[in-house]
Structures are given as structure tokens and as C-alpha cells.
Amino acid sequence: MASKYSFEGLRVTAFESRRSKEIDRLIRYHGGVPSVAPSMREVPLSEAGEALTFAEKLLKGGYDLVILMTGVGTRALKDTVSAKYPVDQFIDALKNVTLVARGPKPAAALKELGLKPDIIVPEPNTWRDILATLDGSFDLKGKKVAVQEYGISNTEFIDTLKQRGADVTTVPIYKWELPKDVGPLKDAIRSIAENEEDVSLFTSSQQIYHLFQIAKAEGLEDKLREGFKRVVIGSIGPTTTETLGRFGLSTDYEPDSPKMGNLIREMARSGGELLRKKRTALENGVNTNSWHKIDMVWDKTLETRREEITRDSVFMKACRREKTDYAPVWIMRQAGRYMREYRELRAKVSFLDLCKTPELAAEVTLAAVDRLSVDAAIIFSDILLILQSFGIGLEFSKGEGPRIRKPVRTGKAVERLEEFDPGSLNFVYEALRITRRALDPEIALIGFAGAPFTVASYAIEGGGSKNYENTKGFMYKDPQGWHGFMDRLSAATTMYLNNQISAGADAIQIFDSWAGSLAPDDYREFVLPHMKELIGGIKEGVPVIHFGTGTDALLGLIKESGCSVMGLDWRVDLGEAWERVGYDMAVQGNMDPVALFAPHSEIRKRAKSVLDKAKGRPGHIFNLGHGVLPKTPVDNVLALVDFVHEYSDKNRNK
Ligand code: CP3
């Protein structure tokens with residue numbers, strides 16, 4: 001059986017050694033043309049000295065903590081030690097220390113010895129993950145720590161352990177040497193330098209050291225690096241990516257889970273697209289040895305036609321209810337915590353700083369599109385930032401969500417708010433400009449804002465709410481003050497959205513996430529006039545998507561607001577709701593976000609059900625019924641996007 005994901009004949013080079021046959025087979029299975037150049041050979045240290053010194057000290061109770069880095073190393077350590085000491089003594093001694101396994105492989109090797117690690121480090125099992133895990137559970141100060149090593153000693157890791165006050169012994173078990181026959185490695189260097197490869201796969205850091213060692217010896221180091229400008233680089237995990245960076249190469253793709261199978265499968269899925277992008281960028285003057293997604297330059301001859309191309313994209317056509325070859329799909333919150341790239345960035349910058357640094361916000365926006373192959377990008381930002389422009393203090397505290405220190409609860413408080421200055425949100429417009437420039441013209445860029453009701457609910461409650469007592473209390477007690485607040489928010493939002501459009505947003509989404517908490521009569525009286533005002537002021541011809549949850553009873557009223565696309569949450573039947581709002585509107589939605597925790601077969605079944613309800617009518621944009629949840633496996637999102645594309649493509653009358 002051929003795989004669903006295919007390299008479609010791309011030439012794929014890999015440097016795996018121990019599993020070279022397997023990687024060759026996997027590349028072939030995924031439709032690639034492999035050339036595997038084994039780049040290393042494991043050599044047991046002829047001097048088992050360090051292992052034996054470690055064993056002696058261990059048997060005397062000389063360690064508090066032992067960190068086992070690899071499965072192969074753990075087994076080799078046991079073999080070496082048991083040549084001199086009874087294996088039971090060794091095992092008993094290990095029972096008396098805190099045992100750390102860097103991941104499932106050393107844990108499995110320990111299990112063979114009847115040992116259970118006290119700590120198993122979670123994926124992606126880098127030294128930083130080891131530290132993070134230890135920092136949460138083990139005070140290293142004054143502790144005697146042994147680290148089983150492999151390959152080159154990781155001095156950064158060892159130094160950090162020492163900085164924490166640990167007394168560290170390193171126990172090298174294996175080291176890596178060049179393979180006996182470096183011919184294949186030389187051939188690989190030559191073919192990369194001479195543009196005979198499309199994709200390269202690195203499954204360990206050591207492969208990079210050896211590749212460049214040989215290239216240097218051959219005087220081909222610069223040619224090799226130059227060649228990589230035209231080759232997509234896949235890396236198994238963060239350490240390998242870091243090493244590539246040290247050699248002046250950016251990684252084009254890294255899977256979330258550091259497994260060879262994942263790397264190959266996911267590269268087969270997106271390798272062709274990444275290659276097209278990388279070569280286009282290079283042709284347009286980008287240095288693709290070291291680049292970010294925001295550096296992308298599309299064909300300059302297309303630039304003048306950019307708007308036209310986007311206007312004819314699948315997403316934009318669907319907004320206008322024109323026929324498309326397949327159903328466009330994007331995912332609310334597609335750039336968020338469920339994505340590793342996002343979490344890595346958030347480990348370094350706060351959420352607000354991320355929103356306010358246009359280059360970073362744009363990078364995150366583009367990363368989601370590249371990763372998922374969706375039909376639209378949504379600018380990375382937040383609906384609550386606009387509150388700061390009124391002088392309302394906003395914070396995002398870890399695990400708690402948004403906090404407003406001084407809630408706005410009276411007409412007087414509204415009067416005291418600062419005058420809205422649309423320039424205070426320049427960072428959003430700049431992020432849109434950067435994103436639009438780097439984004440594929442075929443992909444639409446969505447700008448967004450919160451609707452006055454939902455934004456006001458945060459300002460009034462001081463954060464999220466269940467019953468909206470203060471919000472509705474304000475509305476009922478002081479209708480005039482309420483309408484004053486809504487007027488100011490809707491006028492500001494219109495300006496804000498029009499500026500986003502000028503900066504490159506092709507369509508707009510308005511989030512009235514919590515409007516569903518209102519009775520229809522209250523929506524009609526307290527919200528609808530402001531929505532009409534807001535949407536009426538948006539630049540002609542730009543699609544406006546309205547999104548809310550729990551809006552089943554409000555759909556007719558929401559339609560009166562003048563929006564062009566109705567966002568539906570998962571609690572309504574899409575077929576029935578569309579019939580009710582009328583086929584003169586486009587609809588967006590509406591799979592339950594929690595369905596993404598189901599097995600792939602179930603996800604496909606549920607996506608099919610949504611698509612079948614839309615009956616292939618022009619004007620359906622596939623999405624979830626609310627934002628993707630932080631613990632959602634990315635792989636499931638990929639499966640969803642691919643299914644929506646394939647199934648709707650097959651089932652349309654064209
Ligand atoms: O869709 C996208 O990828 C664009 C980015 C986006 C974010 N927030 C980023 C974000 C969008 C469109 C929003 C809209 C938003 N923000 C809404 C309406 C949509 C919805 O989900 O109903 C609301 C109600 C907010 C307010 C908000 N922002 C809350 C309640 C929270 C905390 C809850 C949470 O999910 O953490 C945020 C923070 C927020 N906004 C995060 C992201 C990625 C998480 C911040 C982090 O910890 O990294």
C-alpha cells in the first residue's frame with residue numbers, strides 16, 4: 001500500500017547510520033527517491049575506565065542522582081560493569097539513587113533490569129527538558145550526580161547542573177566516529193552542492209558535525225552551505241535544529257515528536273510546498289541559509305497582481321458564495337498553545353509582548369499556515385488589546401487568562417475613559433503588513449476585533465465570566481451609560497478594522513464570543529444597533545465574518561447586523577442553521593473542537609458530517625465551532641485539514 005503523504009518523486013537525502021535501511025525504506029514508501037549516506041559509527045570506548053570508576057563509587061553509595069541519556073548507553077553501561085561486578089549488586093545500587101531516564105528508550109533499558117526510573121523526562125527529551133523536570137522535583141544543590149553520556153559531551157548541560165550546585169561526574173559510554181567508508185558522505189556533499197537533492201533529513205546532531213568535517217576536508221564547506229539554500233532541511237528535534245543553526249543553516253521543518261517516522265511522514269506531506277517556497281525565495285534574493293518566515297519574498301512579477309490573486313483565492317470566493325473546487329478551511333486560534341513553535345516562543349516572551357512585536361506576531365501567524373496548509377491566515381493578536389487604547393489596564397496572568405484591574409462599571413467610569421487613538425494599535429497594522437508581504441498570495445489574511453458586547457463584558461467583569469451579572473446589571477440599570485459605552489467601542493472598532501484592511505487584511509472576523517448569553521430581546525435592544533453601526537462602517541466589499549457561541553436563538557438578529565458570513569458554533573446543526581439564516585449568506589464552522597481529541601477515523605467521520613450538511617453549496621468555510629484547545633494534538637489538526645480538502649474536492653460538482 002502506498003502512503004497517503006507523498007514526496008512525489010522528490011530526491012531525499014538522509015544521514016542516518018544505524019537505521020539506514022529503515023530510513024531508505026520509509027522514504028521510498030512515501031514516494032521519495034532516497035540516497036542515504038551513513039555518517040557515523042558507534043565505537044565503544046576501549047577504555048572502560050570511566051564506567052568502572054562510576055560503578056565502584058555507585059556501589060559505595062557515592063551518588064544521589066543518576067541520569068541515563070540513552071537506551072543503548074544504559075545497556076552498554078550494564079554490560080561493561082557486569083564484566084567486573086555481579087549485576088545484582090549494580091542493580092541494587094541503582095535502586096538507592098534517584099534514577100532519571102531522559103525518555104522512553106533509557107526507561108525501557110532500565111525495565112529490562114527490573115528497574116523503574118523515578119523520573120522520566122517528557123518529550124522532546126532535550127537537556128533543557130531534563131532540567132525543567134528536575135527543577136520541579138529535585139533540589140540539585142550539594143547532590144552527587146552522574147550523567148551517562150553519548151557522543152560529544154554536552155558541556156552546556158553539565159555546566160548548568162554545576163550552576164545548580166550539583167557535584168557532577170560524567171560517564172562516557174560510547175563515542176561516535178566517522179564511518180569506515182566515507183564515500184557515500186562525499187557523494188552526498190557533492191550532490192547537495194550540485195543541486196541534485198530536494199530534501200535532506202537529519203536524525204541526530206552528530207550527523208551534522210561529520211558532514212561538515214568531511215566537507216571541510218574536501219574544501220567543499222562553502223559549496224555545501226550554498227547548496228543547502230536550495231534544499232529543504234528537516235530536523236528530528238530541537239537539539240539537531242540547534243546544531244544546524246551553529247553551522248549556519250535554518251531548519252525548514254521539525255516535527256513535534258522526535259521520531260524518524262514522524263519526520264519522514266510530515267516531510268512527505270509538506271516537503272513539496274516548502275521546496276517551492278524556499279526556491280522561490282532564493283530566486284527573489286532571500287538568503288535561505290538563514291531566514292525566518294517573515295523574510296519570504298514571492299515572485300516579484302506577481303506583486304502587482306497580488307490583490308487580484310488573493311481576491312480569487314478559495315477562501316475569498318467562499319466568503320462571496322462563489323463556486324470553489326473544494327471547501328476552504330482555517331482553524332480559530334490556529335496559532336496558539338497547541339503548537340510547539342508557539343510554546344517555544346512563549347517560553348521567551350510574554351503574551352502581550354508577542355502581540356506587540358510585529359515581527360514575532362507575523363512569524364507566529366505564518367508558522368501556523370505553513371504547518372497546517374490552511375486556506376487563510378488570521379493575524380496573531382487579541383480582542384482585548386483595544387481596551388488599553390481606552391486607558392484600561394490589561395494583564396494576562398499565567399493560567400488565569402485576562403485580568404482588568406479597574407473594571408468599568410458605571411456611566412461615569414465610561415466618561416472617564418481616554419479618547420481612542422487608532423494609532424495606539426500601530427503594532428497590529430505593522431504585523432499585518434509584514435504578514436501580507438510574506439504570505440502566499442493564494443492565502444487570505446483575516447484581520448479581527450472583538451465585538452463591543454464581548455469586549456465590554458471583559459472591561460466590566462474584570463475578566464472572564466459565567467453569568468455576566470455586572471455586564472447585564474450595567475445594561476439594565478443604566479441603559480444610557482451602556483449605549484454610551486457601546487457607541488465608543490463600536491466607533492473605535494470600525495476605525496481599527498478599517499486600518500487593518502488598509503494594512504493588508506483581506507477579510508474581517510468580529511468575535512462576539514459571549515453574545516449567546518443574551519436573550520434575543522436584549523440582543524436586539526442593547527447590542528444589535530451597535531453591530532449595525534460598526535459593520536456599516538467597514539470598507540465596502542470586504543467580507544465580514546460574525547462569530548459567536550451559543551447564538552442559536554440569535555442567528556436571525558445577527559444577520560440583521562449586515563455581516564456577510566455567519567460563524568456557527570458546534571451546538572447548531574449546520575444544515576438546519578444555514579437553511580434558517582438563508583442561502584444568501586455564507587456560513588463558517590462548525591465541528592466541535594473537542595472532537596479533535598478523537599482518533600483520526602472519528603475526526604474524519606465528524607468532518608464528513610459537517611461537509612455533508614453543507615452539501616457542497618458555495619459559501620461554506622470549514623472551521624471548528626470555537627477555538628482549537630491548547631492540548632489538541634497537532635497531528636489531528638493536520639488530519640482534519642487534509643480530510644476537508646480531499647473529501648470536499650471529491651464531492652463537488654465542478
Ligand atoms: O485565532 C488566532 O490564531 C488568532 C489569535 C487570537 C487570540 N485570541 C490569541 C490568544 C484570537 C482571534 C483571539 C480572540 C479572543 N481573545 C477571543 C475571542 C475568540 C474566542 O475564543 O472566543 C477572546 C474571548 C479573547 C480573550 C482572551 N485572550 C482570553 C479569554 C484569553 C485567555 C484564555 C486562553 O485561551 O488562554 C486570551 C489569551 C490568548 N489569546 C491566547 C492566545 C494564543 C493564549 C495566551 C498564552 O498563554 O499564550
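Atoms within each ligand, like the ligands themselves, are counted from 1 in listed order. What you see is a predicted model, and the numbers here were worked out from it, not measured in a lab.
Ser564 and Arg321 are not linked by any side-chain donor-acceptor pair at a separation below 3.5 angstrom, with hydrogens and angles left out of the test. Side-chain polar atoms of Ser389 and Ser424 form a donor-acceptor pair below 3.5 angstrom. Side-chain polar atoms of Ser502 and Asn499 form no donor-acceptor pair below 3.5 angstrom.
Close approach of ligand 1 to Gly401 (heavy-atom distance below 4.0 Å) involves ligand atoms 32 (C).
For atom 48 (O) of ligand 1, the closest heavy atom belonging to the protein is Tyr342 OH, 2.5 Å. Summary of contacts: the protein heavy atom closest to atom 47 (O) of ligand 1 is Arg346 NH2, 3.1 Å. Counting only heavy atoms of the protein, atom 9 (C) of ligand 1 lies nearest to Ser381 O, 3.3 Å. Remark: minimum distance from atom 38 (C) of ligand 1 to any protein heavy atom is reached at Phe396 CE2, 3.5 Å. For atom 39 (C) of ligand 1, the closest heavy atom belonging to the protein is Phe351 CZ, 3.4 Å. What sits closest to atom 18 (C) of ligand 1 on the protein, heavy atoms only, is Ser513 OG, 3.2 Å.
Under a 4.0 Å N-O distance rule, the pair Asp506/Arg436 qualifies as a salt bridge. In summary, Asp573 and Lys613 engage in a salt bridge, as defined by a charged side-chain N under 4.0 Å from a carboxylate O. Ion pairing between Arg437 and Asp295 fails under the 4.0 Å rule for side-chain N and carboxylate O. At a threshold of 4.0 Å, the pair Arg371-Asp256 counts as salt-bridged, since one of the basic side-chain nitrogens sits closer than that to a carboxylate oxygen.
For Gly464, the closest heavy-atom approach to ligand 1 does not fall below 4.0 Å.
On a distance-only criterion, Thr454 and ligand 1 share no N/O pair closer than 3.5 Å. Below 3.5 Å of separation, one finds no N or O of Tyr458 facing any N or O of ligand 1. The distance criterion of under 3.5 Å between nitrogen or oxygen atoms is met by Arg337 with respect to ligand 1. Taking only nitrogen or oxygen atoms, main chain and side chain alike, Asp382 reaches within less than 3.5 Å of ligand 1. Residue Ala335 places at least one N or O, backbone or side chain, under 3.5 Å from an N or O of ligand 1.
Here the two rings, on Phe511 and His546, have centers that are 6.0 Å apart or farther. For Phe380 and Tyr342, the ring centers sit closer than 6.0 Å to each other.
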